[in-house]
Structures are given as C-alpha cells and as structure tokens.
Protein chains: 2
Amino acid sequence: MTTRARPYHHGNLRAALLDAAERSIEELGTEQLSLRELARVVGVSHGAPRSHFPDRQALLDALAERGFSRLDATMRGAAETAGAPFEERLRATAAAYVAFAVASPALLDLMYAGKPSGDAPGSRNAAADVMSLVRGLIADGIASGVLAEREPERYAFLLFSWVRGIAALVTGGIVGRDAADELIADSVATFVRGSAPRLPAG
Amino acid sequence: MTTRARPYHHGNLRAALLDAAERSIEELGTEQLSLRELARVVGVSHGAPRSHFPDRQALLDALAERGFSRLDATMRGAAETAGAPFEERLRATAAAYVAFAVASPALLDLMYAGKPSGDAPGSRNAAADVMSLVRGLIADGIASGVLAEREPERYAFLLFSWVRGIAALVTGGIVGRDAADELIADSVATFVRGSAPRLPAG
DNA sequence: ACCTGAACACCGTTCAAGT
DNA sequence: ACCTGAACACCGTTCAAGT
C-alpha cells in the first residue's frame, strides 16, 4: 500500500489547526484569522476544520483554553518559589503574568473575551484563573503580617487590576520590555508600603 | 424644484456614518462593523462611504479621533477641579477615565489600537493624551509635598497602568460598576500612602 | 465634489457526497 | 469518523459612470 499524495491528513488536524491559528493571531491579529487560509496552510480542504470546530468562534475558544493552562502553569510556578519573602513572590508572579502577555498578547485578549460569568459549561475566564491564584498570595501576606488585616478580596482586585494595566502598557508599546520590570517592582513596592499595618506602638 | 425621493444625501454623510459606526461598534463589537451595513442604515449606496473614508480602517481612525477629544475633555474637567486637594483630584480624574471606558469600551480599544509612535502625521494615541494629563497632576503632587521627590515619569506610569487595569476589570465585568469606585479609591489611597515622603525627623 | 451600481476576490457556513 | 467540493449569502475594495 503506497502512501497517498494527500492522505486523510497527518493524524491530528485539530492540533495542527490550533498551532497554525495561534501563530496567525499573534502575527496578523485575531480579526485577520481566516479559516480558509488556515485550511490552506495545513493542507486540507476549506470544509475540513468543520469536523473539529463547529465554527470560527469554537476554534478561538479552544485556543483560549490552551492559553489558560499555560498562563496558570507559569504563574503558579512563579508564585510557589519556595521560601522566598512575600514581596519577591508577588513580584515574580506579576512578572510571569506580564511575560505571558508580552509573548502572547492576542491569545490573552482571547482569554478575556469570554463572558465573565461562564455561560458554557467548559468555558473558563482568564480573570477567574488569575484571581484565585492572587487570593492565595494575599492570604500569605496577611498571615505573615506584611499586609494590614483587610478584606482579602479588595487586595486581590487591586493587585489584579494593576498587573493587568502594566501588561496593557507593555503590550501596547507604551513602556519598553525592560521598563516593565521597573514598573512591576514599583507597583509591588508601593502596594506593600501602602498596605502595611499601622505601627502598633512606634 | 421638488425634493428628490433620495436626495444627494442629507448634507453630512460623513458625520452620519461616524455616528452609526460608533453605535454599531459598541453594540456588536468592532469586528462586526460592516461598511455595507452602515451604508444601508444611513441610506446610501455601498460605495458612498468611499467618498469620505478611503477604507474601513480610515473610518475607524476617524472614530478614534473623536474619542480623543471626548476623553481629553472629561479628564481635563475632572483634573481641574479648582482648589480640591491632590488625592481628590487624582480620584476624580481616574473616575472620569473609568467612566469613559465603561460608556465607550469599544471606542477606547480603538483609541489604543493605533501605533504608539504616531506614524501618520495626524495620528494620536490615547496613551500620549492620558500621560500628558497625568504628568501635570503628578507635578502638583510633588510640589505640594504629598509625593516623595522622584522621577515624575515613574509616578505617571504607575498611575496610568493602574487606572487602565481598573478600567479593564470593570469593562470586562469582573468588578461591578459600583465596586469600581471602591477600587479607584483604594488604588489612589494606596498610591498616596505608598508614595509619601519619608518622615524627616519623626 | 459626491454618489451609484456592476464587478472582483475574498470570507464563513452549510451540506450532500465520498472514504 | 473524517474529509471533499459545490453552493450560498455575505464582505471590502475598485472603478467607470452619472449628477
């Protein structure tokens, strides 16, 4: 049996499409993503993607899903730097988020594009993922006395919004890649200083 | 001379297209914006927009341009609340930005979409607009002794990134419209507390 | 100067048919 | 179960022609 000129594809069309799609959105932007072009690149007919993704949006959702795993992994790795002091763990986690945003800006946008209140059963949202991680850090900060006793959720929203903003500035080219580290350090330092418990006696 | 059934349009096709376009991007998203649909809504042939905008992008650029004026006006109004203390002016200015983001999220995205280093002669960027305004506030904060002496640019980037992040959280539905005010107040208070000059003597 | 309408090359999506 | 290829209804853009 000879190998056909165009076999019934190379075994994993789904993954091939996702890989090609991720390259495409980062290079040309998500709006420019074309299913037909993707099919051409991967070497199948324009109807083939339909077997794996009911429509264009489904492919984008699957792309975001892969992003969740990756973002979660890098941030969790940074947050769990064993033994490091609170402020440094905070900085490392923030830096991991920003690094992801720089490496995959279009993908991150996609991850946020989903409705915040997960409608679909399998649908996640980047916000929920990041928030749960930040909550853990905050709890440590309060427990170790670095942060004043306060609703942890308020701290979490503060940090999350700040880091998201920093990522937006870097992604948008308003601050350079190196200035980002400074901005992160400044933000975390200001946060810790501004959230320190009031001196009990002097 | 009788009025024609379909006159050579109502005098200002350009403005009509922009108004219809702004409604459309906020309701359906910028990706969904269709020039042909716009022409239909406004009552002209599909080729007519060409007379005012060479292509789709040119219309989006013009839309962003209108956004700059409006954002600038509201923020400037808030920043110049005469006589108010620094922290309150800061809070009011941040609130004005977030309010704009809530009212016109798609438009704000468009304003950031432009290249940061203005390529085209008339091209502006939301970042430049906001930054110049924040710089003024910071100068006042340092002059009045509320902020420690430090590179003003660093303060400006901090504030700008934080406020942008807050706007992103509100726009994305992660925090509610009312929780936003709390988040703004918390951020500004933490900023002022964390950036206060070191007590000189005790 | 401004607008019309046909033409062109692209889309996403659907669906019967093939393997 | 997975893929092909024709068909359909949409796009943005171009351009000769009308007023």
Side-chain angles (χ1 to χ4, degrees), chain A residues 1-64 106 109-110 113-114 120, chain B residues 1-64 106 109-110 113-114 120:
Chain A
M1 206 195 269
T2 68
T3 53
R4 279 170 295 184
R6 202 209 239 179
Y8 244 44
H9 203 257
H10 35 70
N12 206 346
L13 176 56
R14 192 190 140 92
L17 285 170
L18 286 173
D19 289 343
E22 185 169 347
R23 269 189 298 270
S24 175
I25 64 168
E26 297 299 353
E27 275 172 32
L28 308 170
T30 300
E31 310 153 14
Q32 297 292 337
L33 183 75
S34 156
L35 286 184
R36 292 178 101 111
E37 174 66 19
L38 235 47
R40 244 173 261 131
V41 166
V42 164
V44 292
S45 73
H46 68 262
R50 221 9 197 19
S51 306
H52 301 275
F53 307 102
D55 57 15
R56 204 186 103 114
Q57 188 55 51
L59 187 145
L60 294 179
D61 290 345
L63 225 41
D109 280 347
L110 232 44
Chain B
M1 206 194 269
T2 67
T3 54
R4 278 167 297 182
R6 204 209 236 179
Y8 244 44
H9 203 258
H10 36 69
N12 205 345
L13 177 56
R14 194 191 139 91
L17 285 170
L18 287 173
D19 289 342
E22 187 168 345
R23 268 189 299 269
S24 175
I25 63 168
E26 297 299 352
E27 275 172 33
L28 308 170
T30 301
E31 308 154 14
Q32 296 293 336
L33 183 75
S34 156
L35 285 185
R36 291 178 101 110
E37 174 66 21
L38 236 47
R40 246 174 259 131
V41 166
V42 164
V44 292
S45 73
H46 70 262
R50 218 17 195 15
S51 306
H52 301 276
F53 307 102
D55 58 15
R56 203 185 104 114
Q57 189 54 51
L59 188 145
L60 293 178
D61 290 345
L63 225 41
D109 280 348
L110 230 45

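Note that the structure is predicted; figures quoted are calculated from it, not measured. Per chain, numbering begins at 1; letters A, B, ... match sequence-line order. Any value given below was found using the heavy atoms of this structure, including those in side chains, with hydrogens, waters and symmetry copies removed.
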- If we only count heavy atoms from C-beta on, is the B:Asp109 to B:Ile25 side-chain gap below 4.5 Å? no
- Message: Can you tell me which nucleotide in C:dG5, D:dT13, D:dA7 comes closest to the side chain of B:Arg36?
- Response: D:dT13
- Pair A:Leu60-A:Gln57, side chain to side chain contact (heavy atoms under 4.5 Å, CB included): steps then yes or no: CA-CA 5 Å; A:Leu60 294 179; A:Gln57 188 55 51; 3.9 Å; yes
- Rounded to the nearest angstrom, tell me the gap between atom CD in A:Gln32 and atom C1' in C:dC10. 12 Å
- Query: With a 4.5 Å heavy-atom cut-off, do B:Thr30 and B:Leu110 have their side chains touching?
  - Reply: yes
- Measure from CG on B:Leu17 to C1' on C:dC2 and round the result to the nearest Å. 12 Å
- Min side-chain heavy-atom separation B:Leu17-B:Leu13 under 4.5 Å: yes
- C:dC3 P sits how many Å from B:Arg40 CZ, rounded? 18 Å
- Taking Watson-Crick and G-U wobble contacts under 3.5 angstrom, with | marking pairs to another strand and [ ] crossing pairs, the secondary structure of DNA chain C is written ||.|||||...|||||.||
- Length of the line joining B:Leu28:CG and D:dC11:C1', which is rounded to integer Å: 15 Å
- Query: Counting only side-chain N and O atoms of A:Ser45, is one of them less than 4.0 Å from OP1 or OP2 of D:dC3?
  - Reply: no
- Quick one: which of D:dC3, D:dT14, C:dT14 gets closest to the side chain of B:His46? D:dT14
- Message: Rounded to whole Å, please give me the gap between CD in A:Glu37 and P in C:dT13.
- Response: 16 Å
- Query: Can you find a side chain N or O atom of A:Ser34 that sits less than 4.0 Å from OP1 or OP2 on C:dC10?
  - Reply: no
- At under 4.0 Å between heavy atoms, what does B:Leu33 touch on the DNA or RNA strands: base, sugar-phosphate, or nothing? sugar-phosphate
- Query: Taking atom CD of A:Gln32 and atom CD of A:Glu27, what is their separation to the nearest 0.5 Å?
  - Reply: 12.0 Å
- Main-chain N/O of A:Leu63 paired with A:Glu22 side-chain donor or acceptor, under 3.5 Å: no
- Note on the structure: Interatomic distance, CG@A:Leu38 vs NE2@A:His46, rounded to 0.5 Å, equals 14.0 Å
- Hey, can you pull the residues of residues 49-63 of chain B with a non-hydrogen atom under 4.0 angstrom from DNA chain D? B:Arg50, B:Asp55, B:Arg56
- Message: Within this structure, what is the CG-CG distance for the pair A:Leu59 and A:Leu18, rounded to the nearest 0.5 Å?
- Response: 5.5 Å
- Contact under 4.0 Å: A:Arg14 side-chain N or O vs D:dA1 OP1/OP2: no
- Query: Out of curiosity, B:Ser45 OG to B:Arg40 CZ, how far, rounded to the nearest 0.5 Å?
  - Reply: 11.5 Å
- Would you kindly give the CD-to-P distance between A:Glu31 and D:dG12, to the nearest whole Å? 13 Å
- Task: Counting heavy atoms from C-beta on, name the nucleotide in D:dT4, D:dC11, D:dA7 closest to the side chain of A:Val44.
- Result: D:dT4
